[in-house]
Student: 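Right, I'll just put the structure down here and ask away after.
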Amino acid sequence: MEKVIRINSLEETIELGNRLGRVLKPNMLITLSGDLGAGKTTFTKGIGQGLEIKKIINSPTFTILKQYSGRLKLSHFDAYRLEGQDDDLGFEEIFDSDDICVVEWANYIEEILPVQRLEIIIKKIDESVREFTFKAIGHRYEQLMEDFK
Ligand code: ATP
Ligand code: MG
């Protein structure tokens, strides 16, 4: 199941993330791909709002993983610095937990990610316009997209 949504501003990206965050269920994986500055971290801030996380969500580029508590726990990964690394990174335990996992630059660690997920590709159209392509893989995620209208 695939859906494309066009966004016209930073605020709309946050609102879209917020709407998704509100309907997420334990142990869900969201993968984010898109160029530098596409809006992956901005969208994750919105997810954080929807999960009722009070702390400010910032890019985990240098730490690879940051974790937050809200309605559910959020594990926010940034795989940018892991490009080409094929070692066992020990993330399985987190992917198997009840945490919501959001992975930026998911394409860099494709091999170690669970197949079932909500895949989101963000394309920069111009300064403030973005195109979000949502792809639900697996029954739970197809249901999630039904809930997320
Ligand atoms: P990186 O690859 O470095 O992690 P990113 O994809 O996480 O980048 P952000 O850190 O979210 O991107 O930065 C997006 C930038 O684009 C910000 O500077 C933001 O102000 C700007 N921006 C403009 N319009 C939008 C929009 N509609 N949605 C998201 N960000 C936008
Ligand atoms: Mg980022």
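These numbers come from the heavy atoms of this one structure, side chains and all, not from hydrogens, waters or symmetry mates. Whatever order the structure lists them in is the order used to number ligands and atoms, beginning at 1.
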Student: Is it the side chain (CB and beyond), the backbone, both or neither of Lys40 that lies under 4.0 Å from ligand 1, heavy atoms counted?
Tutor: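 Within the 4.0 Å criterion, Lys40 contacts ligand 1 through backbone and side-chain atoms alike.
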
Student: Partners of Glu110 by side-chain contact (heavy atoms from CB on, under 4.5 Å), sequence neighbours excluded?
Tutor: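 So Glu110 forms a side-chain contact (heavy atoms from CB on, under 4.5 Å) with Arg117.
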
Student: List for me each residue that meets side-chain contact (heavy atoms from CB on, under 4.5 Å) alongside Asp126, sequence neighbours excluded, and say none if there are none.
Tutor: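 Expected list: Ser128, Val129.
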
Student: Could an N or O of ligand 1 be found under 3.5 Å from any N or O of Gly34, whether backbone or side chain?
Tutor: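 In fact, backbone or side chain, Gly34 has no N or O that close.
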
Student: Parallel, tilted or perpendicular: which fits the ring planes of Phe91 and Phe95, with parallel below 30° and perpendicular above 60°?
Tutor: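 Perpendicular.
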
Student: Count up the protein N, O or S atoms sitting under 2.8 Å from the Mg ion (ligand 2), would you?
Tutor: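 Protein heteroatoms (N, O, S) closer than 2.8 Å to the Mg ion (ligand 2) number 2.
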
Student: Given Asp99, which partner from the list Ser75, Ser69, Pro26 fulfils the side chain to side chain contact (heavy atoms under 4.5 Å, CB included) test?
Tutor: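 Among Ser75, Ser69, Pro26, the one meeting side chain to side chain contact (heavy atoms under 4.5 Å, CB included) with Asp99 is Ser75.
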
Student: What protein heavy atom lies closest to atom 17 (C) of ligand 1? Include the residue and the distance to one decimal.
Tutor: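 Closest protein heavy atom to atom 17 (C) of ligand 1: Thr42 OG1, 4.6 Å.
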
Student: Between Glu104 and Lys66, does any NZ, NE, NH1 or NH2 come within less than 4.0 Å of an OD or OE carboxylate oxygen?
Tutor: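 Looking at Lys66 and Glu104, the cut-off is not met.
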
Student: Please walk me through it: do Lys135 and Glu2 pass salt bridge (Lys or Arg N to Asp or Glu O under 4.0 Å)?
Tutor: CA-CA 5 Å; Lys135 192 174 165 198; Glu2 219 173 281; 5.1 Å; no

Student: Under 4.0 Å, heavy-atom basis, I'd like to know which part of Trp105 is in contact with ligand 1: side chain, backbone, both or neither.
Tutor: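 Looking at Trp105 and ligand 1, just side chain atoms fall under 4.0 Å.
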
Student: Give a yes or no on whether Val103 and Leu65 share a hydrophobic cluster (residues Ile, Leu, Val, Met, Phe, Trp, Tyr; joining criterion: side-chain heavy atoms under 4.5 Å apart).
Tutor: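 Per the 4.5 Å side-chain linkage, Val103 and Leu65 are co-clustered.
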
Student: Quick one: list whatever passes side-chain contact (heavy atoms from CB on, under 4.5 Å) with Ile7, sequence neighbours left out.
Tutor: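 Per chain and number, Ile7 pairs via side-chain contact (heavy atoms from CB on, under 4.5 Å) with Ile5, Glu12, Thr13, Leu16, Arg130, Phe132.
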
Student: Would you mind running through ligand 1 and noting each atom that sits below 4.0 Å from a heavy atom of Asp35?
Tutor: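 Answer, ordered by atom number: 6 (O).
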
